[in-house]
Amino acid sequence: MRSTAPRGTLRKILKKHKPQLRLAANVDLLVHLSFLLFLHRLAEEARTNAFENKSKTIKPEHIISAAKVILKKSRG
Amino acid sequence: MLKRVMQNQPQVSPLAPRISNHEDTQEAHSEVPSKRVSSMGELQLPDVAPQDTSITVFHMKKKRKKLSISEFERAADSRLPQYQAQSTLDSTIMARSLRLSVGSLLAPDTVEKRGLLRRPKTRRAVDMQEFEGRVEQNMLKNKAGQNDLMDSQSASGIRTSILTSDAEIMMNSTELFVQPQMDEDSQSKLPALEPQLSDSKTSAQRSLISDADQEEARLEGRVSSVSTNQGRTQSYSKSSNLDDEHVDRMTRVSPETPEKQGEEKLDHSQQSNPMAEISFTEEEAVCSVYRWSSPLPSKGSSTKLGSLVTLNVSRMSLKQVVSCIIEDLDVSDTEEEVIKTVNGVEQEKLSQEAAERGASTVHSEHLEKKLSEKAELQITAAQNSRGETEMAPSAGEELEEGSIGGHRSPRAEGEITRGIGAESVAGHSPAFSSFHKPEMTPLSETDEQEDELQDQAVMIHLDSTVEEPAEDEVEHPPSQEVSMKTPAFVRAPAQNLLSTPHVAKPAAPSSPLKLLKPKTVPKKLRTSEKKPREPQIPRSLIKEIFRHFAKMPVTRDAFQIVEKCSERYFKQLSNDLEAYTHHAGRKTVEAADLEVLMRRQGLVTDKMPMNVLIERFLPLEYRMLLIPVAVGGNKVIPCK
């Protein structure tokens with residue numbers, strides 16, 4: 001896996017969505033962690049969908065259906 | 001222990017289908033086994049003794065994690081490609097199993113590599129002259145998009161050059177470097193260029209026509225020639241154009257190689273040239289040659305015309321001569337020489353027009369230089385000449401045309417600056433402009449008059465199929481100017497390369513500005529257009545992470561969707577974080593807020609504390625930052 005997380009980019013994204021919100025130190029690392037876990041979940045779900053479809057590759061349809069579920073789960 | 005391992009080995013089948021249940025464990029252990037492999041490898045290198053310990057450790061670990069050796073091997077096999085480098089295992093049993101797989105993986109590669117043969121390089125040495133000629137051609141072609149015209153003109157230019165050479169011989173010109181070289185070169189180059197020239201007679205005709213136009217264009221710049229033209233009939237003016245073309249072509253020919261000639265001729269051959277034009281072009285060529293060579297009034301032109309016509313009866317001979325001339329120019333032409341000759345010739349041209357037939361080649365070179373120098377001034381001239389040359393769409397030697405076209409474009413600029421309203425002649429091949437360039441020095445009314453005459457000649461030739469799109473002719477003056485600007489702009493660097501510090505005549509104070517503008521404006525636009533890009537997670541990172549987690553091939557379209565999902569996720573995330581922070585009465589997001597979020601997401605549970613997740617997924621550097629570590633000396637990192 002990559003060794004570095006795009007900390008600056010993460011901060012910019014957060015600022016773009018919520019300019020008034022401030023971030024403490026190293027918080028963006030935890031944001032990165034949550035992002036990783038989100039992708040992890042998404043990949044697992046997509047893989048399961050692909051298996052069910054008996055296809056060897058993950059196709060966009062699999063991901064779309066997976067995203068619906070996982071985004072709902074990740075709402076907090 | 002070893003026996004047990006060996007017994008277990010045959011049970012392992014790396015191809016056995018894995019149940020999803022095991023996958024997770026494997027995933028978790030895949031990293032671990034890899035580490036073990038590497039560690040084992042390291043251990044084995046120095047000593048064989050520790051093997052047992054490593055294996056025992058391995059076994060213990062296996063028991064702890066309830067992973068059999070078979071599972072480990074399978075995982076290890078799956079990890080083999082990644083850890084081949086690490087697998088320095090030599091003697092352990094695990095190493096053997098790994099080695100088998102590794103060997104099988106490596107063997108095909110090595111076999112393939114041995115069989116790899118290097119293809120014989122089929123590169124030929126670059127001929128500098130050819131290259132220069134081609135560069136010139138390209139530059140010329142870029143001007144005003146009048147490639148066809150230029151080609152025709154170049155072809156005609158070649159013709160005119162032939163004509164001029166013939167005329168020179170006839171006229172016994174007193175120019176240096178002309179006749180003997182011409183003869184020799186023509187003879188030597190005849191066989192070489194004949195196949196190229198044998199494209200079609202029409203091409204020769206076209207070249208004649210274009211030459212005539214070009215010559216006329218050239219003559220425009222010349223006072224004497226211009227004056228003579230005016231009094232002449234249209235045909236005469238056309239011949240003067242031919243002369244101009246010749247001059248231009250001569251200059252063009254030098255940079256161009258015979259190959260280019262062949263190419264151009266082919267292009268021209270495609271062009272349709274009515275036969276009627278042929279004779280006319282010949283006449284024009286004759287006239288132009290005459291005019292170019294001699295500033296004398298039109299009186300003697302008629303006689304010379306006749307002589308020239310007789311000379312030019314056989315197209316093949318012309319072709320040959322043209323080819324010879326072209327080769328001559330290619331061989332003998334060098335920038336330095338041209339520059340010198342240009343400088344010298346410019347002054348002499350006017351005076352020696354009468355005997356310049358023989359020096360057509362030399363002049364052509366000079367013309368090139370001049371043209372490069374006076375590109376700006378000769379826009380108008382080029383336009384006029386273009387129109388005329390279009391009238392004579394002779395396919396002709398394409399080389400000449402190409403070169404002439406380049407010349408003409410600068411000439412056209414000069415003409416424009418003169419304020420010549422020969423817009424109808426806008427279609428004139430750029431060769432004209434080139435012709436005009438060298439003649440810009442003697443800028444005078446005659447030039448304008450010549451342009452007018454050329455326009456007339458163009459009108460006459462309107463019937464003839466003009467390759468150059470009529471659009472060019474129909475172009476409005478400003479559009480022409482604009483089109484000329486680009487050639488000037490394109491030519492500017494060429495000029496810098498070729499020309500001496502000669503500066504274009506004042507006729508174009510605007511042209512320098514025009515030259516500058518295209519250069520600077522694009523830069524400004526680019527720098528000011530740079531927009532602040534929206535922050536987004538790099539696609540490569542998303543791809544990498546997703547691919548790592550998915551462990552399956554993913555289509556490219558799928559990644560777009562993943563990207564969109566991640567964007568939406570970040571939006572959700574920011575909203576949630578804001579809600580939590582606000583709920584806590586703070587304005588700054590803290591780690592606690594993140595933990596709350598992950599708990600609500602279901603990622604962090606009582607069984608799975610946050611720190612474990614950190615340890616799992618984040619690299620060590622980040623882990624050190626996030627999790628306080630107690631070190632000796634009563635220290636805690638990071639310090640609180």
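All chains are named by letter (A, B, ...) in the order of the sequence lines, taking the proteins before the strands, and each is independently numbered beginning at 1.
- Between B:Ser574 atom OG and A:Lys15 atom NZ the span is 12.0 Å, to the nearest 0.5 Å.
- Inter-residue side-chain proximity for B:Ile614 and A:Leu30 is flagged as met; some heavy-atom pair is nearer than 4.5 Å.
- Applying the salt bridge (Lys or Arg N to Asp or Glu O under 4.0 Å) test to pairs two or more places apart or on separate chains, those with a residue in residues 555-574 of chain B are B:Arg539-B:Glu563.
- B:Thr588 and A:Ala24 make their closest contact through CG2-N, 3.5 Å (heavy atoms, listed as atom of the first residue, atom of the second, distance).
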Assess whether side chain to side chain contact (heavy atoms under 4.5 Å, CB included) is satisfied between B:Phe570 and A:Val31, documenting all intermediate values. CA-CA 9 Å; B:Phe570 276 119; A:Val31 170; 4.0 Å; yes
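- The minimum heavy-atom distance linking B:Ile537 with A:Thr9 is given by the pair N-CG2, 4.2 Å.
- Here the CD-CG distance, from B:Gln572 to A:Leu71, works out to 5.5 Å after rounding to the nearest 0.5 Å.
- Rounding to the nearest 0.5 Å gives a distance of 10.5 Å between CG of A:Leu33 and CD of B:Glu595.
- The CD atom of B:Glu590 sits 11.0 Å away from atom CZ of A:Arg22, with the distance rounded to the nearest 0.5 Å.
- Within the 4.5 Å cutoff, side-chain heavy atoms of B:Leu573 are placed close to those of A:Ser34.
- Here NZ of B:Lys587 is found 10.0 Å from CD of A:Gln20. Values are rounded to the nearest 0.5 Å.
- With a 4.5 Å cut-off on side-chain heavy atoms, B:Phe559 and A:Ile63 do not count as touching.
- Closest approach of B:Ala550 to A:Ile58, counting heavy atoms only: CB-CD1, 3.7 Å.
- Annotation for B:Ala558 and A:Pro60: closest pair N-CG, 3.8 Å, computed over non-hydrogen atoms.
- Residues A:Ser74 and B:Asp576 share a closest heavy-atom pair of O-OD2, 4.2 Å.
- The parts of B:Glu578 that come within reach of chain A are both its backbone and its side chain, each placing non-hydrogen atoms under 4.5 angstrom from that chain.
- A distance of 10.0 Å separates CD1 in B:Ile561 from CG in A:Leu42, rounded to the nearest 0.5 Å.
- B:Leu613 touches chain A through backbone and side chain together, each having a heavy atom under 4.5 Å away.
- A:Ala50 touches chain B through its side chain: at least one heavy atom from C-beta onward sits under 4.5 Å away, while N, CA, C and O do not.
- Looking at B:Gln536, only its backbone comes within 4.5 Å of chain A, counting heavy atoms on both sides.
- Closest approach of B:Phe549 and A:Leu39 over heavy atoms only: CD1-C, 4.1 Å.
- Looking only at side-chain heavy atoms (C-beta outward), A:Lys18 and B:Leu577 stay at 4.5 Å or farther from each other.
- Residues passing the side-chain hydrogen bond (donor to acceptor under 3.5 Å, both in side chains) test with B:Thr581, sequence neighbours excluded: B:Asp593.
- Between A:Phe38 and B:Tyr569, the two ring planes are parallel [angle under 30°; tilted spans 30° to 60°].
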